[in-house]
Every structure is written in C-alpha cells, then in structure tokens.
Chemist: 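Before anything else, here's the structure in question.
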Amino acid sequence: MVQQVTSGIKISVQTTFEGTFYKNYKVHFAFGYRVTIENQSKGAVQLNSRHWKVYDALNHVEIIEGEGVIGKKPVLKPGESHTYTSGCLLSSPFGAMHGHYNMVNFTTTNKFKVYIPSFKLSAPFALN
C-alpha cells in the first residue's frame, strides 16, 4: 500500500493483479486498485474530477481524465473517508500509475489538487 497526504487529504492505494486475457488477438494484463480518500482537514471537501497517468513497461502512457470517481463526486466532512475500486488494462505485466484529484474546500471555497502517489502494477508471475 502507498499513502500520501496533500492539504489534509490522505490518499491510500492498494493494488491487485486480476489476470491475463486475450482481446483482439493481443494479450492484456488486468490490474485492480482500491483507493481510500480520507479527510484529515478541518473543513468539508468535495472531489470534483480526476487526472491519471498510466504507464506500462513498454513506455506507453495513457492519460485518463473525468468528473468524479466511478460516477460519484463524494463530499467528505472532517474525519470521513470514501473508498472505491477501479482497474486498468496494460499491454505488459508491469506498469505504474499516479495523478491527482481536483477538489474544493466548502469552508474557504478554494479549489486545490490532491496528489495520488505513484504506485506500481506488477503481475506476480513476472517477479523474481
């Protein structure tokens, strides 16, 4: 698990390898990740959008942007957390992801970024 705190918002990420499969005559490696967003600040915040960079071992980069996370824009009061799971497909058994969430503080109305720490994606069969 990797963790990082930005502006009082703690991000924790756990990853899993889901398996391999063939699609369009090409092998794909499926990974899952579970993200917990914990509000350790003194004000209520809302996650509005996300920005991810997904890397595979073949030096391919995919940018993923969108509103909320899995169709939600969670509001977190101080001490609350939100956990969700998602996944990605890579064309190699190794990769990494990192990014940020765009959030707003309801107390100050300030918009700010919360950084998602870089985490590795690796298929266990490919490790030494």
Side-chain angles (χ1 to χ4, degrees):
M1 176 186 304
V2 296
Q3 299 179 333
Q4 182 170 334
V5 178
T6 308
S7 300
I9 309 300
K10 180 179 178 182
I11 306 296
S12 304
V13 184
Q14 288 183 297
T15 62
T16 56
F17 175 66
E18 302 293 333
T20 58
F21 67 95
Y22 286 91
K23 179 180 175 184
N24 298 331
Y25 304 102
K26 185 177 178 184
V27 68
H28 293 274
F29 300 87
F31 295 92
Y33 54 90
R34 178 184 167 119
V35 178
T36 299
I37 305 161
E38 183 181 347
N39 184 358
Q40 298 178 339
S41 75
K42 296 184 193 284
V45 299
Q46 182 176 28
L47 187 155
N48 288 321
S49 62
R50 70 193 181 284
H51 176 92
W52 288 100
K53 287 186 179 180
V54 183
Y55 302 86
D56 70 15
L58 304 174
N59 210 24
H60 176 259
V61 179
E62 182 178 358
I63 305 290
I64 300 170
E65 296 182 309
E67 289 193 14
V69 287
I70 60 166
K72 296 180 181 178
K73 292 183 177 181
V75 174
L76 302 173
K77 295 176 185 171
E80 291 184 337
S81 65
H82 177 78
T83 299
Y84 71 95
T85 57
S86 191
C88 68
L89 296 177
L90 298 182
S91 55
S92 67
F94 299 105
M97 293 177 66
H98 70 90
H100 67 266
Y101 297 121
N102 293 307
M103 302 187 83
V104 63
N105 181 310
F106 285 150
T107 305
T108 64
T109 68
N110 289 339
K111 294 180 180 179
F112 62 103
K113 290 182 181 180
V114 172
Y115 294 96
I116 305 162
S118 180
F119 56 92
K120 295 179 182 178
L121 304 166
S122 56
F125 65 81
L127 299 176
N128 289 355

Chemist: Ignoring hydrogens, what is the shortest heavy-atom contact between Gly43 and Thr107? Give both atom names and the distance.
Modeler: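 Where Gly43 meets Thr107 most closely, the heavy atoms are CA-OG1, 3.6 Å.
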Chemist: What do the steps show when you test His98 against Phe119 for side chain to side chain contact (heavy atoms under 4.5 Å, CB included), and what is the final call?
Modeler: CA-CA 7 Å; His98 70 90; Phe119 56 92; 6.0 Å; no
Chemist: When you compare the side chain of Val45 with that of Val75, does any pair of heavy atoms fall below 4.5 Å?
Modeler: no
Chemist: Is Lys53 close to His51 at the side-chain level, that is, under 4.5 Å between some pair of heavy atoms?
Modeler: yes
Chemist: Got a list of side-chain donor-acceptor pairs under 3.5 Å for residues 108-115, not counting sequence neighbours?
Modeler:
unit_1	atom_1	unit_2	atom_2	d
Thr108	OG1	Asn110	N	3.2
Thr108	OG1	Asn110	ND2	3.4

Chemist: Rounded to the nearest 0.5 Å, how far does CD of Gln3 lie from NZ of Lys10?
Modeler: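 It comes to 4.0 Å.
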Chemist: Would you say that Val2 contacts Ser12 through its side chain, given a criterion of any heavy-atom pair below 4.5 Å between the two side chains?
Modeler: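 No, their side chains stay 4.5 Å or more apart.
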Chemist: Grab the two heavy atoms, one from Ser41 and one from Ser7, that are nearest each other, plus how far apart they are.
Modeler: CB-O, 4.1 Å
Chemist: Which pairs count as ring-ring contact (aromatic ring centres under 6.0 Å, His included) when at least one residue sits in residues 59-89, sequence neighbours excluded?
Modeler: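 Every candidate ring-ring contact (aromatic ring centres under 6.0 Å, His included) pair involving residues 59-89 fails, so no pair, neighbours aside, qualifies.
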Chemist: Sequence neighbours left out, what passes side chain to side chain donor-acceptor pair (under 3.5 Å) with Ser118? Give chain and number order.
Modeler: none
Chemist: Mind checking whether Val104 and Asn48 have side chains closer than 4.5 Å, heavy atoms only?
Modeler: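 With C-beta onward as the side chain, the pair touches.
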Chemist: Are Ile116 and Tyr55 in one and the same hydrophobic cluster, where Ile, Leu, Val, Met, Phe, Trp and Tyr link if side-chain heavy atoms are under 4.5 Å apart?
Modeler: no
Chemist: What pairs meet the salt bridge (charged side-chain N to carboxylate O under 4.0 Å, His left out) rule with one or both residues in residues 59-77, with sequence neighbours excluded?
Modeler: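 Residue pairs with at least one partner in residues 59-77: Glu67-Lys73.
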Chemist: Ser81 versus Asn39: any side-chain heavy-atom pair under 4.5 Å?
Modeler: no
Chemist: Just so I know, are the side chains of Val5 and Gln40 near enough to count as touching, which here means a heavy-atom distance under 4.5 Å?
Modeler: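 Of all side-chain heavy-atom pairs linking Gln40 with Val5, at least one is under 4.5 Å.
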Chemist: With sequence neighbours excluded, what pairs up with Ser91 under the side chain to side chain donor-acceptor pair (under 3.5 Å) test?
Modeler: Asp56
Chemist: Counting C-beta onward and ignoring hydrogens, is there a side-chain heavy-atom pair between Val69 and Leu47 closer than 4.5 Å?
Modeler: yes
Chemist: To the nearest 0.5 Å, what is the distance between OG1 (Thr83) and CD (Glu38)?
Modeler: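 Going from OG1 on Thr83 over to CD on Glu38, the span is 9.0 Å.
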Chemist: Decide side chain to side chain contact (heavy atoms under 4.5 Å, CB included) for Val35 and Tyr101; before the verdict, give the C-alpha distance in whole Å, the side-chain angles of both, and the deciding distance to 0.1 Å.
Modeler: CA-CA 12 Å; Val35 178; Tyr101 297 121; 3.4 Å; yes
Chemist: To check you understand the geometry: which heavy-atom pair defines the closest contact between Ala44 and Pro78, and what is its length?
Modeler: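 Closest approach of Ala44 to Pro78, heavy atoms only: N-CD, 4.1 Å.
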Chemist: Could you tabulate the donor-acceptor pairs under 3.5 Å formed by side-chain atoms of residues 13-33, not counting sequence neighbours?
Modeler:
unit_1	atom_1	unit_2	atom_2	d
Thr16	OG1	Glu18	OE2	2.6

Chemist: Can you tell if the side chain of Thr36 reaches within under 4.5 Å of the side chain of Ile11, non-hydrogen atoms only?
Modeler: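 A side-chain contact is absent here, since even the closest heavy-atom pair is not under 4.5 Å.
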